[in-house]
Structure formats: C-alpha cells, structure tokens
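Report on the following structure.
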Amino acid sequence: MDASVDRIAQPWGGRTPYGRHEVWPARVDTHLEEGVAPDDVQRWVRAASILHSDGDAMDIAVVDGRMVGVRGRAQDRVNHGRLGPKDLFGWQANASSGRLTRPLVRRGGRLVETDWATAMDRIVSRSRSLLQEKGPGSIGFYTTGQLFLEEYYTLAVLARAGIGTNHLDGNTRLCTSTAAEALKESFGCDGQPGSYDDIDHADAIALFGHNLAETQPVQWMRVLDRLEGADPPRLVCVDPRPTQVARRATVHLAPRGGTNVALLNALLHEIIRTGRVDHAYVEAHTVGFEELEARVAECTPAWAAGICDVPAARIAEAAEILGSADRLLSTVLQGVYQSHQATAAAVQINNIHLIRGMLGRPGAGVLQMNGQPTAQNTRECGANGDLPGFRNWENDQHVADLAKVWNVDPKQIPHYAPPTHAMQMFRYAEQGSIRMLWVSGTNPAVSLPELSRIRSILSQERLFVVVQDLFLTETAQLADVVLPAATWGEKTGTFTNADRTVHLSDKAVDPPGEARPDLDIFLDYARRMDFRDKDGGPLVHWHDPESAFEAWKRCSAGRPCDYTGLTYGKLRGPSGIQWPCNEDAPDGTERLYTDGISWAHPDRCETYGKDLVTGASDSVVEYRSLNPDGKAMIKAAAYLPPHEEPGAEYPFQLTTGRTIYHFHTRTKTGRVPQLNAAAPDVWVEVSVADADERDLNEGDLVEVATPRGALRGRVRVTDIRPGLLFVPFHYGYWDTPGGKGPDGSTPGRAANETTVTDWDPVSKQPLFKTAAAALTLVERGGGRAAPAPTTTASVPSRSGGVTATAGGPSASVAQSDGAPWHGREEGSR
Ligand SMILES: Nc1nc2c(c(=O)[nH]1)N[C@H]1C(S)=C(S)[C@@H](COP(=O)(O)OP(=O)(O)OC[C@H]3O[C@@H](n4cnc5c(=O)[nH]c(N)nc54)[C@H](O)[C@@H]3O)O[C@H]1N2
Ligand SMILES: Nc1nc2c(c(=O)[nH]1)N[C@H]1C(S)=C(S)[C@@H](COP(=O)(O)OP(=O)(O)OC[C@H]3O[C@@H](n4cnc5c(=O)[nH]c(N)nc54)[C@H](O)[C@@H]3O)O[C@H]1N2
Ligand SMILES: [Mo]
C-alpha cells in the first residue's frame, strides 16, 4: 500500500480496515524535508508526539545535527506507525525563527538579553527575600502539561518541600482536572481505567464532548478502520458541532451547550428503565445505586428534550445503543470538562459503565481523556494541585509516607488545605498575597479566561513574573525574567499518554543558543537555593533525566502509578509500556479494575470526595460510612441551568475549542508553513439558520462580544446547532504584524477576550465552553472566504466560493505498510 498522500488535504490518510477483535494493521507514516531521502538520514532518534495526549510513538530523523523529519513507530501499541498532521509537520517549529536563545531580564521597563547567572540570581534573590519577609505562601508556580515527568517531579519536590508552598498547579487545571476529579469521585483515585485497545473490541463507542477526529487523529484513524472492517461498532456522538465524529455517528446528539447532565441523566434513566443494569456487578463492586435510581427516576427523554433541545426519540436511540452494547467504550473530553457541571457530567459517564458492568474487559472501558501530551505526569508527580503518587493530602499516613521518601519533616510539606488551584493562584496574585509567579511551559495571556484581567494581573509592578518558554510569547512579554528553554527533541525524558502508556523521548539535536532543558533550570534553581533534607543532605539529589526518573520511581513505589518496573533501557524497547509496571506486572498493565476496585478504600483513596453539585468536601467520617469497603461510588447529580444564559443583549451561546491543524496558542504550529496555511487566522462558526436570519455570509467580518470583551473574525456558515457560535481559541497576538498587543487594544482576535472567570465547583476547571454572546456585522466579506479549514468540523455548509483545504507537495507524506523505512537504525543510545 505504499502511497504518498497530502496529509493537509487528507488528515487521516488512507484506510486499513480491520474486523472486531483483530489486530489493527500497521501503517508507517513518514515525512521528510524536501530534498532529503530516507537513505540520507544519519540517525533516527526515539520520541513520542508532544502536541496532544495520544502518545503516538515516532522517530526523529537527523542529518548533520539537524531535524529533517519524522516517522511513526510500527511496533508501538499506541499508533501502530501512524502520525497525525501536527506531528508530521510540527517538528519544524523547533528550528523556526523566534526561538529564545538567551535569558532576558527587565531593565528600565524593557526586556534585555543577559547571561544565565544574572537571570538566575534575580530569581534566587527575589525568592530569598520573599521567603524571609512574607513566607512560602508568597511564591507560586504555574506549570504545564507539556514538560517531561522528570521535570514535574523535580518541580514538585522543590516547590512543596523546598520552598514549602501550597501554590503549585498546572495548566492541566484548564485541561484535565475534571478527568482526574471524575476518576477520584467514582473510583477513589486518579488512573485511567481503559485502554486504546478497547477500540479494537468494542461494539459500541460513545464520544462525549470529544472531537476525537481532530484532537487525537490517530485513534480516530483506528475508529475509521474499524468502521470499514467486519462487525463495525455503533458510534454515539454528543457534540453540538458537526464534527467528523458526528458525521460518522450512528446517533448524533447535538445538545444545547451546558446541558450534559440533563442529557446523561436521561440516558441513565432509559438504561435503568429498560432493565439494562448489571445487578451482579453493581452489588459486588459499587455503592450508591439506589440514590442514582431515585435521582434519575423523573429524568425521562421527554424531560431532557426540553432542556437540551434534542428530540426525545434520538435520546432513546442513543440509550438503546449504550444499554444493549456488549462491550461499550466511552471517551470524554472538553465538551464535558470545560462545560457547565463538568465533574457532575463526567461522573455520570462513569456511572453508565458502573451500572452496566462495562469495565476491566477488552472493549469495555471508559477513557476520561487527557488533552496535553504529558498532563498525566503533571498529575502523577503532584505538580498540579495533588500530592505526588496520588497521595491524599488529608491522610496523615500518606503525607508521612511522602515525607519519608523526601527525607523531610511532614510539617515541611504543606497540607493544611487542598493544594491551591490555578484560578485561585491568579486570584491571590491579583489580591497581592502571591508576589512571585513562575510560569513554565504555558501561555496564560492567551489561554486563561478573561484576558484583560490576566494581562492586568501579570503586569502588576508588585508581582515578580518568571516565564520559561521557547518563544517570546504574549505572556513572556509581560515577564520580569524570561528563561529560554530547550524542548522535545532537544532534551531527554519520559511522558505518559492518556491510556497510561509511558514513552521515552530522547535528545536528537542541540537546543538553540543558550537554551537549557527545563530539568536543568529547575536543578540549577534547587542548587542555588540550597534546599536541604532533614539530615542536611541535598533535597534534590539527582542530576540528570535518568537519575530523576529513578528518584521518581521510589516515590511511585506501591502507588497506583507504580513505575518501579520501568527503566530507561526497557523504554528503549519496541513499544511504550502502560503503568502500573512493577514486579507483579513487569510488562505493564493494559486495564485497571479487571478484578474489582483497588484504590477506593478509606485508607488508600486519594480523596474523600466532594458534593457534585456544590463542590463541598466530604470528611473522612462521611467517606468511611458511605464506602467502608472501598467500592466504586455511584454519585448522582441534579441538573442545574448554566450560569450565563443567552438573553436580549447577548442572544447567542458561545463555545470555543480546537481545529486539527493547530495546537493551543500556536507558538509551535503557527510557525509551521503547512499547518499555518491550513488555518491562518481566527473565524466564527455560525449556523445556517442564524446566518439567514441576520443576513450573514461566508467571509463577513463580525464582532463577537460578551460582558468581558470582544473579538473579530470572519464568518464560516456551518451545520453547527442554531443559536450557538464557535470560535477556535488558538489565535493570540504574537504574529499579527502591527496588530493588537498585550497592551489591551481591542477588539482583538483571541477567544479568551470573551470567556468568563468562572469554574466548575468540584474540579475548579474553568468554563471555556459556555458563555452568552452578541454577534454584529462589522464589514461585508465581499466574496472572500473565512480562513477556516474545509476538512473538519468547520466544513462549510454551502461550499460555493470556498477553496478546499490542501497542502500541496510540501504536505506529502509517505504511507507504507510492513517494515518501517530502513534508514540506519539508531539502536539503543
Ligand atoms: N489539533 C489539536 N489537537 C489537540 C489539541 C489542540 O490544540 N489541537 N489540544 C490537546 C488538548 S490539551 C486537549 S485538552 C484536547 C481537547 O480535545 P477536545 O475536547 O476533543 O477538543 P475541543 O475542541 O476543546 O472540544 C471538543 C468539543 O466539545 C464540544 N462542546 C462544546 N460545548 C459542549 C457542551 O456543552 N456539551 C458537549 N457535549 N460538547 C460540547 C465542541 O463542539 C467541540 O467539538 O485536544 C488535544 N489535542
Ligand atoms: N477559550 C479556550 N481557552 C482554552 C481552552 C479552550 O478550549 N478554549 N483549552 C484550555 C486547555 S485544555 C489547555 S491545555 C490550555 C493550553 O494553554 P497553554 O498551555 O497556554 O497553550 P500552549 O500554546 O500550549 O502554551 C504552552 C507554552 O509552552 C511553551 N513550550 C512548549 N514546549 C516547552 C518546553 O519544553 N519547555 C518550556 N519551558 N516551554 C515549552 C510553548 O512555546 C507555549 O508558549 O488552554 C486552555 N484554554
Ligand atoms: Mo488541554
């Protein structure tokens, strides 16, 4: 099947159909820079994808110390050789112009270049004086889901035990805090139950607020291949937009934004009413079924139809698929996690699986998805508002155990309150109790809600801001010190995808200029701060990625995310390996909960849980009485209307999200020619009915306004549900020539100018998916098209005048079956 495919025009490439319970055939995707032939490649260096959570294994092609391309790894369990468009082309960002090569410090109001010693000195002396004058609570760290495990672990140790601050969280708060919370609420502990291999075995797959086709395109290729093979699965898609997933679904439900809980309660109602409950499973492994049964008793499809604006018959059809499935796989992502009643809704999806006994068997699993490539590690390592190793901050035994690993007094680890969440950290910075904020690997001046507020917080005189990044981002421009980081391909480390698969990513090339790996920066800071353990030894006693990994293994020992059976050597074998991996499971663990629930016992659980509606914490006493034996917890929730509903002034619902060609704030993908050209600027998706009613056409320039702010973009008329607008959140300001800067000149083009400072009461994840907005025409398009792709959820409803998205020769990708390219193999390094 050797073929060459334009993977901008055909993002998912060719099909390799396979039947149920068969092995997904391998297909190796390779893209090399023009003029480079496979035989020219001098080294293939092992890595995994860094632009989403799928964990696709790949090799980086190197010629004369330069990256020249990538290819998928055929033997890896995750992708069987395939890569998505961002991975095929995104590596070019590493060598793009604009990389930071030297540290910067603010002098006389301007950022000027300096050396590392000067920059680190500034940070260390500010840390010391704040510690002395205001204490550890004046220092906060805001990190990411895009560094490596070794880096998060080092950061967690230096922040929690070195500084002794409770203010350490990741942008994972915006991303997967609801995934983690939903798992904790249902199973007592974080940890993904399912496996990607469940796609091979399921007879029904349900995707809730998850645009799998665009955000994890390789697993979508797997679903497409099953749809074209023998005994294909039935698909249920719950998404208000006409995504490619929706287009292929057996049943597509397009609910009004923010109504997931109403819909899910109706689905649960139908599953119970039609007698589809697995009572033996419920009896053996769960508590709380009666409460759920009572809660959803009145939640008929007709009731939900009124709230969600979806036909009752369609809800019943979806319930029939979920209820009659023999092996059901569900996936959940931002249409749930960033929407109204996020945790309450995500938990109802767990409940579908619990009451149907759909867990721990091939094809029967739930994937509370991650988004970022390494978000799982932020969570495991405790760099995200949890203690390392999924330890319970309220359980003194767990804290003592952690203190032993770190050889510090338990009092040195803050556990007087839950670890501070990011939205609260920004509030503390706004109010002046946090005086130093160290931002690593995230761009909050584009990605947090209500940007005018975020800019004003970050530009305060009294707040000392450190930004550690690859580029001079919108956030870095507001910093006091900017540290140039090395990234993927320029440093070595491990990371874990959404189905617990751990990959090693090796250094392929040198970083530009004086840029340094994040690990080296954190180690340097720990050394300069001279953090000590209780015997006077160095608190951070490792010195490179592998020794950091070994230190983490000790911290993970005996925990759910046990890494003790892994080594760098083992991870250089044919495939990534799923945790837990230890003496009992030396090859890793495909699925959790194959044998009942393992981490929910009151002495073992990561949290005592919360009320799903109010977010109020339960006590250990309440937990013990609810769940003395450590079973899965079926928690019910009543539907509440979204906080901000459309009205006369703001008649539309507004939601935001992604396109396949870009990653987040585009610091990388905006610098990649093939990806940038496919979606070069912001657009606004408007339904056919709304466009007709307001006489709007493709390409018209419109303003979208909410009580927080406004943005301008060109109209794309699509089959999105009427009353809803969609804006991609990728577009900040760094590449708008002479355009709007972080000085706040408006209207801009960033979606988060308009979003609200509000979050889920349980997981504290911000609500990026529900706001009310006004829409006004600024200027007629005069025949020009919106800069939106035609291959994706933004496919125009009326194609007249819109050129189909294509990449041309520079987007050509070789797809071959059988063995990978035979360049000189690198073996083990
Ligand atoms: N191409 C690409 N891939 C990515 C990323 C990227 O930036 N670009 N980022 C990665 C990261 S960090 C993440 S978190 C994931 C996110 O991956 P996804 O969650 O799949 O992506 P989103 O576009 O944020 O949202 C998914 C869908 O939610 C729907 N939605 C909005 N409101 C509601 C609602 O109230 N109910 C329901 N049921 N659905 C709703 C939207 O229509 C949208 O299609 O993607 C990862 N992969
Ligand atoms: N409106 C709206 N807002 C959203 C969302 C939404 O759907 N709608 N989604 C939210 C979600 S799920 C997420 S995950 C966030 C993402 O939001 P951000 O994290 O702000 O987005 P990125 O552009 O990925 O920013 C990562 C930064 O880290 C830098 N970087 C990359 N690699 C490295 C490295 O190795 N080391 C260092 N030091 N820096 C590195 C990049 O250059 C970039 O500036 O956005 C959230 N915001
Ligand atoms: Mo995310």
Side-chain angles (χ1 to χ4, degrees), residues 169-170 172-173 175-194 285-288 332-333 336-337 341-351 353-354 359 365-370 375-395 397-399 402 415 417-421 496 498 500 556 559-561 579-580 592-593 596-620 622-624 626-627 629-637 759-765:
D169 199 6
T172 45
R173 184 64 56 187
C175 183
T176 66
S177 57
T178 302
E181 193 63 43
L183 294 170
K184 291 191 243 181
E185 294 298 333
S186 297
F187 305 108
C189 190
D190 196 350
Q192 190 70 271
H285 299 298
T286 71
V287 295
V332 193
L333 203 47
V336 173
Y337 302 161
Q341 292 194 289
T343 311
V347 164
Q348 300 321 308
I349 296 155
N350 292 341
N351 287 345
H353 284 260
L354 288 170
L359 273 175
V366 64
L367 292 165
Q368 296 282 353
M369 280 292 179
N370 295 346
Q376 186 60 49
N377 308 106
T378 321
R379 270 146 62 185
E380 292 156 16
C381 294
N384 76 318
D386 276 304
L387 293 186
F390 302 154
R391 287 174 174 87
N392 184 343
W393 66 271
E394 284 188 280
N395 184 327
Q397 292 297 320
H398 288 202
V399 178
L402 183 63
H415 59 286
T420 317
H421 63 88
T496 307
R500 292 174 282 102
S556 78
R559 303 301 308 158
C561 47
W579 65 243
L592 304 186
Y593 312 134
I597 308 302
S598 21
W599 290 94
H601 188 275
D603 297 333
R604 284 156 70 85
C605 65
E606 189 182 358
T607 170
Y608 301 127
K610 292 174 185 165
D611 182 274
L612 292 188
V613 172
T614 64
S617 292
D618 290 337
S619 69
V620 59
E622 287 164 304
Y623 189 93
R624 276 190 197 282
L626 167 76
N627 194 18
D629 304 320
K631 296 185 175 183
M633 292 159 283
I634 297 178
K635 289 192 165 185
W759 53 82
D760 181 58
V762 190
S763 67
K764 321 296 183 194
Q765 183 158 348

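Side-chain contact, T178 with E181: no donor N or O sits under 3.5 Å from an acceptor N or O. Using a 3.5 Å distance cut-off with no hydrogens or angles, the side chains of N370 and Q192 do not pair a donor with an acceptor.
Interatomic distance, CG of N350 versus NZ of K635, reported as 11.5 Å (0.5 Å rounding). Put simply, OG1 on T607 and CZ on F390 are 13.0 Å apart, with the number rounded to the nearest 0.5 Å.
A heavy-atom distance below 4.5 Å is not found between the side chains of N392 and C189. A 4.5 Å side-chain heavy-atom check between V399 and L402 finds every atom pair outside the cut-off. Between R559 and E606, every side-chain heavy-atom pair lies at or beyond the 4.5 Å cut-off. Side-chain contact between S186 and M633 is absent, with no heavy atoms from C-beta onward closer than 4.5 Å. For the pair D190 and D386, the minimum side-chain heavy-atom distance is 4.5 Å or more. The shortest distance between side-chain heavy atoms of T496 and R379 does not fall below 4.5 Å. A heavy-atom distance below 4.5 Å is not found between the side chains of Y608 and S617. In this structure the side chain of P761 never reaches within 4.5 angstrom of the side chain of T614, judged on heavy atoms.
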Let's go through H421 and W759 carefully: what are the C-alpha distance in whole Å and the side-chain angles of both, what is the deciding distance for side-chain contact (heavy atoms from CB on, under 4.5 Å) to 0.1 Å, and is it a yes or a no? CA-CA 11 Å; H421 63 88; W759 53 82; 3.9 Å; yes

Steps toward side-chain contact (heavy atoms from CB on, under 4.5 Å) verdict (Y593, H353):
CA-CA 12 Å; Y593 312 134; H353 284 260; over 6 Å; no

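Contact record, M369 with Y337: N-OH, 3.0 Å, taken as the closest heavy-atom pair. Heavy atoms only, all atoms of each residue included: Y623 and P602 are closest at CE2-CA, 3.7 Å.
The environment of Q397 atom CD is sparse: at most 12 non-hydrogen atoms of other residues, nucleotides or ligands sit within 6.0 angstrom.
By the 4.0 Å N-to-carboxylate-O rule, K764 lies too far from D169 to be salt-bridged with it. Between D603 and R624 there is a salt bridge, since a side-chain N of the basic residue sits under 4.0 Å from a carboxylate O of the acidic one.
Panel note: side chain N384, backbone T172; no donor-acceptor pair is recorded below 3.5 Å. Within the 3.5 Å criterion, the main-chain N or O of V332 finds no donor-acceptor partner in the side chain of Q368. With hydrogens and angles disregarded, a donor-acceptor distance shorter than 3.5 Å links the side chain of R500 to the backbone of G194.
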